[in-house]
Amino acid sequence: MADTEQTKSRRDQHLERLRSKYPDKKFEDDEEIYGQISDDYDQYEQELEGYKGREKSLSDMFAADPRSAQFLTDMHKGEDPVLGLVRNFGVEIKDVLEDPEMQDKIAEANKDYMERVAKSKQLEEEYAANMDKTLETLRAYQGQQGLSDEQIDEVMNRIISVVNDGVMGKFAPETIDLFLKGINHDNDVAIASEEGEVAGRNARIEEQLRKSQKGDGTQPPGGRNGEGRRPNRGTIFELAQEAM
């Protein structure tokens, strides 16, 4: 069977990878195919530059003091940081901690540490509280819209993907299109509502004018019915104001 099976071209192989990575896209024309390839290359280059920058920072630090590399390696292996400091920097590190001239700096560093811990705990608590409310909102929305668990999961995965990209400073064309469509929809609804209000006011004005021209059927002084001087009903602007 392997002998009769046709070997897929590199183009078909690449299309399969793209469609597997982006299942919501069809990639039926070269513009969409090469556009996505270009976007992927840009993303890979940005990530690669980020990796290179972080690698260079670590390399510079290790070159300046090789003991820092061993200290981080020991921590990665699970060694106690305090023992790691002594092992790599000597027991003199204890003297530094007890140096009166260093007390203010140590106190400031410890203050920064405690603030980070407190902030991290606060964010965790806020996240947990917000997530509880979000889950309630999702359950209510799912019931109102009649969505399946798979559908609501897909929606949330898309939202989380957009949020994660935003944190990393990535905004894909499809994300921009999504929000642009939402803005255009809101504008269309606002325009339609305004046009409806204008149409309603115009209809009321025309009805007032029609009644004014028809009269009430009584004979005005100094003439036959329908003749003579009609009572002053006001200008078109006053009629418009009455109709509102």
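- A donor atom on one side chain and an acceptor atom on the other are found under 3.5 Å apart for Q36 and D40.
- Considering only heavy atoms from C-beta on, I106 stays 4.5 Å or farther from D99 through its side chain.
- Q151 places a side-chain N or O within donor-acceptor distance of the main-chain N or O of S148, the cut-off being under 3.5 Å.
- Between the side chain of Q13 and the backbone N or O of K8 there is at least one donor-acceptor pair closer than 3.5 Å.
- Looking only at atom types and distance, the side chain of S9 has a donor-acceptor partner in the side chain of D12 under 3.5 Å away.
- Using a distance-only test at 3.5 Å, with no hydrogens or angles considered, a donor-acceptor pair links the side chain of S68 to the main chain of D65.
- Within the model, atoms CG of D153 and CZ of R158 stand 12.5 Å from one another, a figure rounded to the nearest 0.5 Å.
- Under the 4.5 Å side-chain criterion, counting only non-hydrogen atoms from C-beta, M75 is not in contact with D80.
- Within 6.0 Å of the CD atom in Q145, the count of heavy atoms belonging to other residues, nucleotides or ligands exceeds 12.
- With contacts defined as side-chain heavy-atom distances shorter than 4.5 Å, the pair S20/E16 does not qualify.
- Considering only heavy atoms from C-beta on, D74 comes within 4.5 Å of Q70 through its side chain.
- Residue pairs meeting the side-chain hydrogen bond (donor to acceptor under 3.5 Å, both in side chains) criterion with at least one partner in residues 100-123, sequence neighbours excluded, are Q122-E126.
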* Can you list the steps and then say if R11 with L15 is a side chain to side chain contact (heavy atoms under 4.5 Å, CB included)? -> CA-CA 6 Å; R11 174 186 170 88; L15 276 175; 4.2 Å; yes
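- For R87, the CZ atom is loosely surrounded, since the number of other residues' heavy atoms within 6.0 Å does not exceed 12.
- Clustering ILVMFWY residues whenever any of their side-chain heavy atoms sit less than 4.5 angstrom apart, transitively, puts L135 in the very cluster that holds Y127.
- In the hydrophobic cluster analysis, where Ile, Leu, Val, Met, Phe, Trp and Tyr join through side-chain heavy atoms closer than 4.5 angstrom, L72 is grouped together with F89.
- In this structure, CE in M156 is found 5.0 Å from CD1 in I159, a value given to the nearest 0.5 Å.
- Classification of K56 and D60 as a salt-bridged pair holds, one side-chain N sitting under 4.0 Å from a carboxylate O.
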Exercise for the section: Evaluate side chain to side chain contact (heavy atoms under 4.5 Å, CB included) for V155 paired with L138, printing each intermediate quantity in order. Expected result: CA-CA 10 Å; V155 170; L138 286 175; over 6 Å; no
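- At least one donor-acceptor pair under 3.5 Å links the side chain of T134 to the backbone N or O of N130.
- One finds the OG1 atom of T137 at 11.0 Å from the CE atom of M131 (value rounded to the nearest 0.5 Å).
- R17 CZ to F27 CZ: the interatomic distance, rounded to the nearest 0.5 Å, is 12.0 Å.
- In this structure, R19 contributes its side chain and K25 its backbone to no donor-acceptor pair below 3.5 Å.
- Taking CG of D39 as the reference point, atom CD of Q43 lies at 9.0 Å (rounded to 0.5 Å).
- A heavy-atom distance below 4.5 Å is not found between the side chains of T73 and H76.
- Transitive grouping of hydrophobic side chains (ILVMFWY, heavy atoms separated by less than 4.5 Å) brings Y141 and V163 into a common cluster.
- Residue N88 comes nearest to R67 through the heavy atom pair O-CD, 2.9 Å, listed as atom of the first residue, atom of the second, then distance.
- Looking at K26 and E32, no side-chain N of the basic residue comes within less than 4.0 Å of a carboxylate O on the acidic one, giving no salt bridge.
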Assess the residue pair Q142 and D149 against the criterion (side chain to side chain contact (heavy atoms under 4.5 Å, CB included)); give the C-alpha distance rounded to whole Å, side-chain angles, the decisive distance to 0.1 Å, and a yes or no. CA-CA 8 Å; Q142 181 181 6; D149 291 342; 2.8 Å; yes
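- Here the straight-line distance linking atom CG of D29 with atom OH of Y34 works out to 11.0 Å at 0.5 Å rounding.
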